[in-house]
Amino acid sequence: MRDLTRRWAWLGVLVIGLVLYVIVLRTLVRTQNPNFVPSLLLLGATVVPLAFLTFAQARTGRWQVPAAALVVAAFFGGVIGVVVAGTLEYDALRGLGALPMLFVALIEEAAKMIVPIVLLFVLLARRGRRLPSDGLVIGVASGMGFAALETMGYGFTALLASKGNISTVQETLFVRGLTAPAGHTAWTGLTCGALWAMIASPTGRRFLAFLATFIGAVAMHTAWDTFGGVIPFIILAILSLGWLFIALHRYRAFAEHTQWAPREPSPV
């Protein structure tokens, strides 16, 4: 029963989050009180990514990443990632005059890895754990934080550009919130999972796998920012999420068939 509850907890997070979003939206529209705008932006940007994080965390095997690590990854990973990426992109724009989407993707994918890498060494030092599934879910949390803050920024910009048109803000929050799991969240999860897999079994093959995963994440990010239209987004979303689900399955098998998996109690 506990495993079943854990596996379906994401649905509760999604439903409760959507209910809260609708309540805030209706209150904002009815009262026209701008004090509710921050709450609308926060809920609109975080509900779907948080539900996806809960979904991924429940499917990483018996090991569970400490809640504190997920909070740190989501909060600090998002804030530091956004600040570092924004600063580097701004400096590059001033120096180059224009910044190709490839460099934007490279900067952002690298920036989102800062906090997960720190957490890797902290968890190794304190718990001796280096399961790829841990890395994947921590990466998902960091990507979630980054995506949520970025979505809030775009929502606020849409509010200003539309001179307070809530419908425009809703559209921005809906599109970016709904696509976040297939974007920043999935790409950072895949890269961090590959990094943890390399640390768990340090071989040349694992290093190449990590490098290929990072390059793949940068390539999908670049394509996401470059191509417009619904069809390219659907194709990229299927590729990103499909790759992530395959990684989840592989890393779960790794956890259950290695010495790092929890041992069954010996019979008395």
Side-chain angles (χ1 to χ4, degrees), residues 2-3 5-14 17 46-81 109 111-149 180-201 206 209-210 213-214 216-217 240-258 260-262:
R2 181 180 178 183
D3 289 340
T5 302
R6 180 169 171 250
R7 289 180 65 86
W8 289 98
W10 68 272
L11 187 58
V13 172
L14 180 62
T46 59
V47 168
V48 174
L50 183 58
F52 187 77
L53 172 62
T54 308
F55 173 87
Q57 196 270 347
R59 285 159 177 78
T60 55
R62 296 179 180 179
W63 285 110
Q64 294 188 41
V65 178
L70 293 180
V71 172
V72 168
F75 182 78
F76 289 99
V79 173
I80 292 176
E109 292 306 317
K112 289 183 293 179
M113 292 288 292
I114 295 174
V115 171
I117 289 175
V118 173
L119 285 174
L120 166 62
F121 290 105
V122 171
L123 290 177
L124 281 177
R126 296 187 60 184
R127 308 171 74 93
R129 287 168 46 174
R130 53 189 188 216
L131 289 173
S133 54
D134 284 1
L136 186 144
V137 75
I138 286 175
V140 166
S142 180
M144 183 207 83
F146 187 97
L149 290 176
H184 289 298
T185 306
W187 302 329
T188 312
L190 286 166
T191 306
C192 289
L195 175 63
W196 255 256
M198 182 183 69
I199 298 299
S201 179
R206 293 284 185 182
F210 163 70
T213 302
F214 181 76
S240 298
L241 292 176
W243 190 2
L244 185 72
F245 290 151
I246 291 173
L248 272 170
H249 178 75
R250 288 178 52 243
Y251 294 157
R252 179 167 183 167
F254 181 96
E256 293 175 350
H257 294 91
T258 65
W260 299 99

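The side chain to side chain donor-acceptor pair (under 3.5 Å) contacts involving residues 67-80 comprise nothing, where partners must be two or more places apart or lie in separate chains.
Shown here for A217 and W243, the closest heavy-atom pair between the two residues is N-CZ3, 4.5 Å. For the residue pair A73 and A141, the shortest heavy atom distance occurs at CB-CB, 3.8 Å. Taking all atoms of both residues into account, the shortest heavy-atom contact from T213 to A194 is OG1-CB, 3.6 Å. Considering all non-hydrogen atoms of both residues, T185 and A147 come closest at OG1-CB, 4.5 Å. When all heavy atoms are compared, the tightest approach of A51 to L14 is CB-CB, 3.9 Å.
Among residues two or more places apart in sequence or in another chain, the side chain to side chain contact (heavy atoms under 4.5 Å, CB included) test is passed with F214 by L106, E109, A110, T191, V218. For L11, the side chain to side chain contact (heavy atoms under 4.5 Å, CB included) partners two or more places apart in sequence, or in a different chain, are W8, V15. Every residue two or more places apart in sequence or in another chain that forms a side-chain hydrogen bond (donor to acceptor under 3.5 Å, both in side chains) with S240 is listed here: W187. Residues satisfying the side chain to side chain contact (heavy atoms under 4.5 Å, CB included) test with I114, not counting sequence neighbours, are I80, V84. Residues meeting the side-chain hydrogen bond (donor to acceptor under 3.5 Å, both in side chains) test with S142, sequence neighbours left out: none. F245 pairs by the ring pair (Phe, Tyr, Trp, His ring centres under 6.0 Å) definition with F55, not counting sequence neighbours. Remark: L50 engages V13, L53, M144 in a side chain to side chain contact (heavy atoms under 4.5 Å, CB included) (not counting sequence neighbours).
The side-chain heavy atoms of W196 and L136, taken from C-beta on, include no pair separated by under 4.5 Å. Using a 4.5 Å heavy-atom threshold, the side chains of P116 and I138 count as touching. Side-chain contact between T188 and F146 is absent, with no heavy atoms from C-beta onward closer than 4.5 Å.
Here the rule is side-chain contact (heavy atoms from CB on, under 4.5 Å) with F76, and of V118, L119, V71, V115 only V115 fits it.
For the atom pair CD1 (I117) and NZ (K112), the distance works out to 13.0 Å, reported to the nearest 0.5 Å. How far CD1 of I246 is from CG of L241: 11.0 Å, rounded to the nearest 0.5 Å. If you take OH on Y251 and CG on L190, they are separated by 7.0 Å, rounding to the nearest 0.5 Å.
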